[in-house]
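Worksheet for the structure shown next.
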Amino acid sequence: MEHNPEVRAVFPRIYEVVKQVPPGQVTTYGDVARIVGGCCDARVVGEAMAEVQDPEVPWHRVINAKGMISLRGANAVTQRRRLESEGVAFNERGQVSLKRFGWHGPDAEWAQQHGYHMLASADDPNQMRLF
DNA sequence: CGTATGACCATGC
DNA sequence: GGCATGGCCATAC
């Protein structure tokens with residue numbers, strides 16, 4: 001799919017953030033969107049994930065806010081198998097505990113080097129956001 | 001233009 | 001806790 005330049009420009013940032021999610025942990029579309037900031041919401045992150053080319057981008061570690069895989073069919077099976085091989089557990093309803101496996105943003109060092117900064121927030125004091 | 005559809009989410013009941 | 005609604009951004013007809 002084609003996108004306007006403003007949105008396409010943010011895709012690399014989305015990929016850079018997703019690359020920071022370590023094995024055995026997961027994040028959500030909405031969290032990635034908030035970290036990247038700018039003209040980026042959860043749907044755009046989903047769009048970016050659908051077009052990943054770089055094999056170093058761990059797209060399988062991005063799930064929805066309910067802790068569930070948003071894909072269907074064979075792709076969903078692939079995503080779940082990859083996560084389980086990293087130690088991520090699913091309950092009987094196919095749900096991951098974000099409490100246990102959730103990733104809460106890049107470390108401060110990486111953030112500083114890539115032009116992000118800490119932004120105090122009532123909900124999550126450690127939430128990062130773009131300048 | 002309005003409408004439908006997405007690897008989405010917060011809110012309210 | 002499930003379900004509906006509206007909002008979000010973008011695309012296709």
Side-chain angles (χ1 to χ4, degrees):
Chain A
M1 283 194 190
E2 297 294 322
H3 299 92
N4 72 41
E6 202 176 338
V7 169
R8 192 164 51 224
V10 86
F11 274 38
R13 298 208 73 95
I14 292 173
Y15 296 144
E16 285 303 313
V17 169
V18 173
K19 278 185 182 177
Q20 300 308 306
V21 184
Q25 290 187 262
V26 296
T27 187
T28 70
Y29 300 96
D31 283 343
V32 172
R34 277 188 289 275
I35 292 168
V36 171
C39 71
C40 182
D41 80 334
R43 286 194 182 278
V44 173
V45 173
E47 196 68 35
M49 292 302 99
E51 297 181 9
V52 166
Q53 299 296 326
D54 184 354
E56 289 185 25
V57 176
W59 57 267
H60 60 285
R61 298 184 191 133
V62 184
I63 60 180
N64 65 34
K66 291 180 291 199
M68 303 181 76
I69 286 172
S70 290
L71 291 171
R72 294 204 240 173
N75 290 331
V77 175
T78 297
Q79 184 171 10
R80 174 165 177 159
R81 194 170 55 229
R82 287 193 187 183
L83 288 174
E84 287 178 326
S85 73
E86 296 179 353
V88 176
F90 288 77
N91 69 12
E92 57 283 352
R93 290 180 311 211
Q95 195 171 26
V96 173
S97 168
L98 293 173
K99 189 94 169 178
R100 287 174 54 197
F101 302 104
W103 174 77
H104 299 97
D107 61 51
E109 187 180 349
W110 181 91
Q112 189 170 13
Q113 290 176 353
H114 289 77
Y116 291 77
H117 74 298
M118 305 293 284
L119 184 64
S121 158
D123 292 342
D124 184 355
N126 291 324
Q127 183 64 61
M128 308 255 186
R129 193 163 289 187
L130 190 60
F131 271 104

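Reminder, nothing fancy here: chain letters follow the sequence lines and each chain counts from 1.
The CZ-C1' distance, from A:Arg72 to B:dG6, rounds to 10 Å in whole Å. Atom CG of A:Asn64 is separated from atom P of B:dA10 by 11 Å (rounded to the nearest Å). Between A:Arg34 atom CZ and C:dC8 atom C1' the separation is 12 Å, expressed in whole Å. Rounded to a whole Å, the CE atom of A:Met68 is 13 Å from the P atom of B:dC9. Rounded to an integer number of Å, the gap from CG of A:Asn75 to P of B:dG6 is 15 Å. Between the P atom of B:dA7 and the CZ atom of A:Arg82 lies a distance of 18 Å, rounded to the nearest Å. Remark: C1' of C:dC9 and CE of A:Met49 are 15 Å apart, rounded to the nearest angstrom. When rounded to the nearest whole Å, the span between CD of A:Glu47 and P of C:dA10 equals 10 Å.
When the P atom is used for both B:dT5 and C:dA4, the distance is 16 Å, rounded to whole Å. The separation of B:dA7 from C:dG2, taken at their P atoms, amounts to 22 Å, rounded to a whole angstrom. B:dG6 and C:dG7 have their C1' atoms separated by 15 Å, with the value rounded to a whole Å.
A side-chain N or O of A:Asp31 and one of A:Thr28 form a donor-acceptor pair less than 3.5 Å apart.
The existence of a salt bridge linking A:Arg82 and A:Glu86 is excluded, since no basic side-chain nitrogen approaches an acidic carboxylate oxygen closer than 4.0 Å. The pair A:Asp41-A:Arg34 does not count as a salt bridge, with every side-chain nitrogen at least 4.0 angstrom from each carboxylate oxygen.
The side chain of A:Val44 lies closest to C:dC9 when the candidates are B:dA7, C:dC9, B:dC9. In this structure, of C:dC8, B:dA7, B:dC9, it is C:dC8 that holds the atom nearest to the side chain of A:Asp41.
Closest approach of A:Gln25 and A:Pro22 over heavy atoms only: OE1-CG, 2.8 Å.
At the phosphate of C:dG1, neither OP1 nor OP2 sits under 4.0 Å from any side-chain N or O atom of A:Arg93.
Within the nucleic acid shown, A:Ala50 comes within 4.0 Å of at least one base atom, counting heavy atoms only.
Ring geometry for A:Phe11 against A:Tyr15 counts as perpendicular: the plane angle is over 60°, on a 0 to 90° scale with 30° as the lower cut.
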